[in-house]
Amino acid sequence: MQAKGTLHWYKVPLSCLWGVKEMDDNDILIDLPIDHGTITKIERQKRAKDRYNLFIDEQFVFSIHEDVLIKYRLAKGSVINGEEMLLIVQAQDRQQAYLDAIRLLSFRLRSEYELKVRLKQKNYEPPTIEDTIDRLRREQYIDDSLFAEQLTEQRIHSHKKGRNWIKQELQQKGLRKEHITKALEQIDEVTEYTNAFTLIHKKYGASLSPDTDVRNIQRKAISLLQRRGYSFSVVSRVMRKFSQIIGSDQDMEEIELDFGEQ
């Protein structure tokens with residue numbers, strides 16, 4: 001049998017030392033001595049007010065988030081065995097993964113796939129990542145269907161992107177086919193055609209003159225629309241209208257687009 005007071009060594013996520021070693025990632029796993037013992041001190045960190053340093057038998061073990069402290073009712077004088085300590089460590093790891101995900105979402109909305117990739121880069125284990133995604137779903141921080149629709153709307157109206165470009169971006173973000181299909185349904189042909197023509201107007205309208213190299217302008221315009229992800233049919237319609245304008249005396253500002261034209 002093991003002698004009383006002998007310490008076991010367990011692999012503990014670096015997140016449990018955040019704020020103590022002045023590190024805030026999970027790049028490695030470290031060894032910490034953990035065994036049964038009595039909590040002799042719980043000390044709030046100065047830099048992170050929601051983190052506490054845990055001391056067992058006067059020895060620092062690791063730091064934990066306030067939510068974990070409350071959940072396990074940890075207090076000075078509490079006796080903890082090795083099994084309980086591991087549960088606390090795992091709970092802390094899940095809590096830190098959750099906080100990391102919330103921080104990522106504070107910068108911009110993300111798909112489930114994007115969050116999984118970022119959490120994996122921080123060396124969280126797959127079960128921890130899945131638990132985190134499930135919690136974010138329940139708390140409605142993430143919703144891939146809504147994310148796809150909002151991103152599509154932004155790309156259409158703010159960035160003037162075409163359907164093909166948007167579809168490819170949604171696929172790259174790991175969204176399911178049904179979410180992508182639903183999001184793309186909100187792109188109406190009139191809006192796409194108008195956006196495409198507006199791009200060409202702003203880019204090349206002012207440079208048109210009697211001595212303009214029309215073919216060169218047309219090639220550049222087609223290339224621009226294709227890079228923006230507009231379909232062949234949209235590009236063809238826009239270029240037909242653009243060519244008509246080049247061959248006439250009309251001012252581009254006075255052009256009314258014929259949306260019924262095919």
Side-chain angles (χ1 to χ4, degrees), residues 103-121 142-262:
R103 182 177 59 81
L104 289 169
L105 290 171
S106 71
F107 296 119
R108 68 170 177 83
L109 294 177
R110 299 171 192 266
S111 66
E112 290 185 12
Y113 172 77
E114 288 181 294
L115 283 174
K116 288 178 179 179
V117 169
R118 291 300 301 272
L119 291 175
K120 184 177 180 180
Q121 290 173 349
I142 54 175
D143 181 333
D144 273 1
S145 179
L146 181 60
F147 172 76
E149 292 179 13
Q150 290 179 337
L151 183 63
T152 297
E153 183 177 0
Q154 181 190 55
R155 295 300 186 253
I156 294 170
H157 298 293
S158 299
H159 298 172
K160 300 294 187 292
K161 299 294 186 181
R163 182 185 300 268
N164 294 338
W165 196 98
I166 296 171
K167 181 179 180 179
Q168 184 177 16
E169 183 179 15
L170 295 177
Q171 290 173 334
Q172 290 173 345
K173 292 184 180 299
L175 294 166
R176 295 203 299 269
K177 184 178 180 180
E178 58 266 31
H179 294 326
I180 294 175
T181 300
K182 182 180 178 182
L184 293 178
E185 287 175 352
Q186 67 182 298
I187 305 177
D188 66 273
E189 188 176 359
V190 171
T191 299
E192 196 171 17
Y193 179 36
T194 303
N195 287 346
F197 188 85
T198 300
L199 280 173
I200 301 305
H201 177 194
K202 289 183 177 179
K203 183 72 174 179
Y204 302 109
S207 63
L208 295 178
S209 64
D211 58 347
T212 297
D213 185 344
V214 175
R215 290 186 179 276
N216 184 47
I217 293 293
Q218 289 175 327
R219 283 196 299 269
K220 289 182 177 180
I222 291 173
S223 179
L224 172 62
L225 293 177
Q226 288 176 335
R227 289 197 306 273
R228 290 282 184 138
Y230 288 99
S231 65
F232 174 78
S233 62
V234 171
V235 173
S236 297
R237 288 184 62 193
V238 170
M239 293 312 301
R240 281 200 301 271
K241 177 62 68 175
F242 191 64
S243 297
Q244 292 173 10
I245 296 169
I246 293 176
S248 69
D249 295 328
Q250 289 178 287
D251 189 325
M252 289 192 72
E253 295 288 351
E254 301 173 353
I255 295 299
E256 292 185 6
L257 299 183
D258 181 6
F259 298 118
E261 176 187 342
Q262 299 294 329

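What you are looking at is a predicted structure, and each value in this text was computed from that prediction instead of being measured.
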All side-chain hydrogen bond (donor to acceptor under 3.5 Å, both in side chains) counterparts of [X], not counting sequence neighbours:
| X | answer |
| --- | --- |
| Q186 | none |
| H159 | R155 |
| T181 | none |

Out of curiosity, [X] [atom1] to [Y] [atom2], how far, rounded to the nearest 0.5 Å?
| X | Y | atom1 | atom2 | answer |
| --- | --- | --- | --- | --- |
| R118 | R103 | CZ | CZ | 7.0 Å |
| I180 | T152 | CD1 | OG1 | 9.0 Å |
| L170 | D144 | CG | CG | 10.0 Å |
| I200 | L224 | CD1 | CG | 5.0 Å |
| I187 | I166 | CD1 | CD1 | 4.0 Å |
| S111 | R176 | OG | CZ | 11.0 Å |

Partners meeting salt bridge (charged side-chain N to carboxylate O under 4.0 Å, His left out) with [X] (sequence neighbours left out):
| X | answer |
| --- | --- |
| K160 | none |
| E114 | R108, K173 |
| R110 | none |
| E153 | none |

* Answer whether the closest heavy-atom distance between the side chains of L151 and L109 falls below 4.5 Å. =>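 Result no, sub-4.5 Å side-chain heavy-atom pair not found.
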* Asked: For the residue pair I217 and F242, what are the closest heavy atoms and their distance?
  ->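 In this case the closest contact between I217 and F242 is CG2-CE2, 3.7 Å.
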* So which heavy atom on L225 is nearest to which on A196, and how close? ->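 Taking every non-hydrogen atom into account, CD2-O, 3.6 Å.
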* Between Y193 and F197, how do the two ring planes meet: parallel, tilted or perpendicular, split at 30° and 60°? ->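 Perpendicular, since the angle between the ring planes exceeds 60°.
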Does [X] have any side-chain contact (heavy atoms from CB on, under 4.5 Å) partners at least two apart in sequence or in another chain, and if so, which?
| X | value |
| --- | --- |
| F232 | S236 |
| Q226 | I222 |
| S145 | D143, E149, H179, K182 |
| I142 | L105, E112, L115, I133, L136, R137 |

* Please test L199 against N195 for side-chain contact (heavy atoms from CB on, under 4.5 Å), starting from the C-alpha separation and ending with a verdict. => CA-CA 6 Å; L199 280 173; N195 287 346; 5.8 Å; no
* To do: Decide side-chain contact (heavy atoms from CB on, under 4.5 Å) for E189 and E192; before the verdict, give the C-alpha distance in whole Å, the side-chain angles of both, and the deciding distance to 0.1 Å.
  => CA-CA 5 Å; E189 188 176 359; E192 196 171 17; 5.7 Å; no
* Is R163 reaching over with its side chain to a backbone N or O of L184, donor-acceptor style, under 3.5 angstrom? ->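 Here the side-chain-to-backbone pair exists.
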* Asked: Does a sphere of radius 6.0 Å around CD in Q172 hold more than 12 heavy atoms from other residues, nucleotides or ligands, not counting ones at 6.0 Å or beyond?
  ->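 Check passes, neighbour count above 12.
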* To do: Provide the full list of salt bridge (charged side-chain N to carboxylate O under 4.0 Å, His left out) pairs with a residue in residues 216-231, sequence neighbours left out, each pair given once.
  =>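 Listed by first then second residue: nothing to list.
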